[in-house]
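Remember, it's a predicted structure, so these values are computed and weren't measured experimentally.
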Amino acid sequence: MNITFRPYEPDDKEILVNILLSNCPKYFAQEDKADFVFFLNTYADKNFLVVEREEAIIGCGGHYTKQERHGIAWVMFKSGSLGCMNLMLIADKYYHEIETRILSEGKFFDIQIETTQLMEKFLNRFGFETMAVKPEGFGEGLDQLFMRKSLAGRGSE
């Protein structure tokens, strides 16, 4: 399976919005569309990656660094397009790509993610811990989890 990661380009927007909508209402609320479009128009930069499989866009997500912390935002893959096993393999590759890019910045701040309860166990596999939960913080049936992974001590490796 040929998977590549490349920086977001404005021409990708329509495909990525359709990927977001393919994940509603299970992973995202329909109302998230406006926030996502605003993000793409305003904040998407070289750290916001598009995931391609055999030259077709299948997902996206990115990282940022601010106020002595890293964050990961708007991670998603086209619903139903890959099957569970392929999705897990691609998600693993994606996460490792993002963490490698974060570590290459040389700033070993904690990585923080706001996600739903549906992603908690997946992120636990990479060392993320749930710090707080806001019931239905992302909409009906979508609890908002605040998760963190410490990178302390990584700079000495």
Check whether any side-chain heavy atom of [X] lies under 4.5 Å from a side-chain heavy atom of [Y], and answer yes or no.
X: Tyr95; Y: Ile72; value: yes
X: Val17; Y: Lys33; value: yes
X: Phe109; Y: Thr65; value: yes
X: Val75; Y: Tyr94; value: yes
X: Phe77; Y: Tyr27; value: no
X: Asp12; Y: Arg6; value: yes
X: Arg101; Y: Glu97; value: yes
X: Ile113; Y: Arg148; value: no

(Q) Ring centres under 6.0 Å, that's the criterion: do His63 and Phe48 meet it? (A) no

Q.
So that I can tick it off, tell me whether Asp110 and Arg69 are bridged by a salt bridge, with the cut-off set at under 4.0 angstrom between side-chain N and carboxylate O.
A. no

**Q.** Counterpart residues, side chain to side chain donor-acceptor pair (under 3.5 Å), relative to Lys107 (two or more places apart)
**A.** none

Q. Run the side-chain contact (heavy atoms from CB on, under 4.5 Å) check on Gln112 and Phe146 step by step: do they pass?
A. CA-CA 7 Å; Gln112 298 179 10; Phe146 300 86; over 6 Å; no

Q: Assess whether side-chain contact (heavy atoms from CB on, under 4.5 Å) is satisfied between Tyr8 and Trp74, documenting all intermediate values.
A: CA-CA 12 Å; Tyr8 167 78; Trp74 293 109; over 6 Å; no

Look up atom [atom1] in [X] and atom [atom2] in [Y], then write down how far apart they are to the nearest 0.5 Å.
X: Lys134; Y: Glu114; atom1: NZ; atom2: CD; answer: 9.0 Å
X: Glu99; Y: Leu103; atom1: CD; atom2: CG; answer: 5.0 Å
X: Glu52; Y: Thr4; atom1: CD; atom2: OG1; answer: 4.5 Å
X: Lys26; Y: Leu118; atom1: NZ; atom2: CG; answer: 6.5 Å
X: Asp11; Y: Ile57; atom1: CG; atom2: CD1; answer: 9.0 Å
X: Asp143; Y: Glu140; atom1: CG; atom2: CD; answer: 11.5 Å

Going only through I, L, V, M, F, W and Y residues with side-chain contacts under 4.5 Å, is there a path from [X] to [Y]?
X: Phe122; Y: Leu142; result: yes
X: Phe38; Y: Phe28; result: yes
X: Met131; Y: Leu151; result: no

**Q.** Donor-acceptor pair, side chain of Asp35 and main chain of Asp32, under 3.5 angstrom
**A.** no

Q: For residues Cys60 and Val51, report the shortest heavy-atom separation together with the two atoms involved.
A: N-CG2, 4.2 Å

Q | Where Phe5 and Leu49 come nearest, the two heavy atoms and their spacing | A | CB-CD1, 4.2 Å

Q) Without hydrogens or angle criteria, can the side chains of Asn23 and Lys78 be said to hold a donor-acceptor pair below 3.5 Å? A) no

Q.
Per the side-chain hydrogen bond (donor to acceptor under 3.5 Å, both in side chains) rule, what does the pair list look like for residues 115-132, sequence neighbours excluded?
A. Asp92-Arg125, Glu120-Thr130

Q. Within a reach of under 6.0 Å around OH of Tyr43, are more than 12 heavy atoms found that belong to other residues, nucleotides or ligands?
A. no

